[in-house]
Protein chains: 2
Amino acid sequence: MPGPIQSLSRAAAILRLLAGGERRLGLSEVSTALGLAKGTAHGILRTLQQEGFVEQDPESGKYQLGAELLRLGQSYLDVHELRARALVWADDLARASGETVYLGVLHQRGVLIVHHVFRPDDTRQVLEVGSMQPLHSTALGKVLLAYDPVARGELGEEPLEAYTSRTLTDLASVDEECGLIRERGWADAVEETWEGVASIGALIQDRRRNPVGAVCISGAVERVCEDGFVRPSLVASVRSAARAISRDLGAGRF
Amino acid sequence: MPGPIQSLSRAAAILRLLAGGERRLGLSEVSTALGLAKGTAHGILRTLQQEGFVEQDPESGKYQLGAELLRLGQSYLDVHELRARALVWADDLARASGETVYLGVLHQRGVLIVHHVFRPDDTRQVLEVGSMQPLHSTALGKVLLAYDPVARGELGEEPLEAYTSRTLTDLASVDEECGLIRERGWADAVEETWEGVASIGALIQDRRRNPVGAVCISGAVERVCEDGFVRPSLVASVRSAARAISRDLGAGRF
DNA sequence: GACAGGCGGTCGACATTGTCGACCGCAGTG
DNA sequence: CACTGCGGTCGACAATGTCGACCGCCTGTC
């Protein structure tokens, strides 16, 4: 495989850098952060700006991400086949369970949320489509770890971050848990990322049984759990939704 | 100004091409559509894929947009100052008016929706953040046309598309309407883009009185209009929300 | 079942193209 | 009023991306 295009990789790195830091960044900050000559960084930024991927605050001269990225991100969702077919099933699942529903796919070292149905009550909630969740401490993530070798590979050998006292932080425990998940066909995560929140997830696969994503419900531990375990009726709902979506994907080939 | 970076511009063109066509595109389709050699297009696509901006269907070998774009698009929203400050005001406006609220900024030849508050009832609605609306036939767009010379410039000299029988299609009428909008300080669009839908919009400006965006409410013409005109009470609500957001932006400089 | 035509992908020579580091003008600062 | 930092420009150089021919594969066809 021939090498990647240098200027493009650098442009991508700049975009990621801008996405990471919360505030706007100046030209010098960008060039030193990536070890580029100022002129080089400027040329890339100028082009990105022209294309709408980056915007420059005319007052301070600093750079931030541009609107075109939002538009393209939306287009990504429009084309996304898994998401399109899962929309109606996710809605049903939210109504049946009374809890928040997430749909996620593996992306880099985490789970990218591609669909989010609010819990059907009137509390204020913020849409989390486009955000990432960790692999080793969420129901979505653990499902993918258990079934997708690529996901397991992404974990690498680094020690895992502990978000709460219940987070699994060593790889052996995670692998053991994955075995259990494969055996019974679903995953849960009770207060492993956020205190007070429990979630139940199941795998979505395409017509060739490849793992393509996961669906989960997530809610207050008092509602989702009972006597210290997740409620079997909720598990059944999640698994049946996952099967329905998988079936939909399998049938959907022309 | 030195020239833009060729490979980057081409990569951007490829992304836009993939975003435009609804279905996945093959390598040859991409290269012929943009007039590139197949090898060149392949190199760019390979790099974009590596960076997560493009994904390849392993079965057909065709390309589509990648998940990284969704993540970056979300980051764009996170950093967006106008949006952050407008969130609470938009919520209030939706509650007070009982209608859908949109917040938009100028982007290329249209208005990009950066925030969307559902009408406060239980009907099913789809989030339109990240989508585009035309400049010459929506309240948001006409506000920007009236106050932002850049927006007016984007219209160019092309004939305007008619979405309904009430769409203003010649530039003279649009300019005349813009004069009216500047005089009274708000814009409306009654069934100019979608049959049965009316909207009312007002300008948002920063501390130096530059136009930075617009806010509008949008709803069924039967509710928004009365005796053929938009209801004055709704106009007042929209204008006061726009003023509040503008004030917030002005005060918010450290 | 051999063939043709299309696909995605590779390769290596070429010169276009992006890169580098010195330099510029400006704004804020002591 | 020098000084330091900023964003931005410039021009020489060669590294780099580009091109078009080529490869192997699959698919549909006669």
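In what follows, chains carry the letters A, B, and so on, assigned in the order in which the sequence lines appear, proteins first and then strands, with residues in each chain numbered from 1. Everything numeric here is computed off the predicted structure, so don't read it as measured data.
The stretch residues 8-20 of chain A does not touch DNA chain D, since none of its heavy atoms comes less than 4.0 Å from the strand.
Not a single donor-acceptor pair under 3.5 Å links the side chain of A/Gln74 to the backbone N or O of A/Arg71.
Salt bridge B/Arg24/A/Glu81: present, at least one basic N to carboxylate O contact under 4.0 Å. We find that B/Glu177 and B/Arg182 are not joined by a salt bridge, their nearest charged nitrogen and carboxylate oxygen being 4.0 Å or further apart. Between A/Glu51 and A/Arg46, none of the side-chain N atoms (NZ, or NE/NH1/NH2) sits under 4.0 Å from a carboxylate O, so this pair counts as no salt bridge. Using a cutoff of 4.0 Å between basic side-chain nitrogens and carboxylate oxygens, B/Asp78 and B/Arg83 are not scored as salt-bridged. Classification of B/Glu59 and A/Arg207 as a salt-bridged pair holds, one side-chain N sitting under 4.0 Å from a carboxylate O.
Across the protein-nucleic acid pair, B/Lys62 atom NZ and C/dG8 atom C1' stand 11 Å apart, rounded to whole Å. Going from atom CD1 of B/Ile5 over to atom P of C/dT16 covers 18 Å, rounded to whole Å. The separation between A/Asp57 atom CG and D/dG8 atom P is 11 Å, rounded to whole Å. Distance CG (A/Leu48) to P (D/dG8): 13 Å, rounded to an integer number of Å. For the pair A/Glu59 CD and D/dG7 C1', the computed distance is 15 Å after rounding to whole Å. Residue B/Leu36 contributes atom CG, which lies 16 Å from atom P of C/dG9 at whole-angstrom precision. Nucleotide D/dG17 holds its P atom 11 Å from the CZ atom of B/Arg46, rounded to whole Å.
B/Glu29 comes within contact range of no nucleotide atom at all, as no heavy-atom separation falls under 4.0 Å.
Between B/His136 and B/Tyr163, the distance from one ring center to the other falls under 6.0 angstrom.
Distances shown here put a side-chain N or O of B/Tyr63 below 4.0 Å from the OP1 or OP2 atom of C/dG9. Put simply, B/His42 has no side-chain N or O that comes within less than 4.0 Å of OP1 or OP2 on C/dG8. A close approach under 4.0 Å does occur between a side-chain nitrogen or oxygen of A/Ser28 and OP1 or OP2 of D/dG7.
Side-chain proximity of B/Ile44 to C/dC7, C/dG9, D/dT18: nearest is D/dT18. Of the candidate nucleotides D/dG8, D/dG17, C/dG8, D/dG8 has the atom nearest to the side chain of A/Leu27. Distances from the side chain of B/Gln6 to the nucleotides C/dT19, D/dT18, C/dG8 place D/dT18 closest.
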**Report entry** Where protein sits on nucleotides 21-30 of chain C, one letter per nucleotide: B base, S sugar-phosphate only, - none, heavy atoms under 4.0 Å
**Finding:** B---------
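For B/Arg184 and B/Trp186, the positive end sits near the middle of the six-membered ring, less than 6.0 Å away and at most 45° from its axis.
A/Cys216 places none of its side-chain heavy atoms less than 4.5 Å from the side chain of A/Val238.
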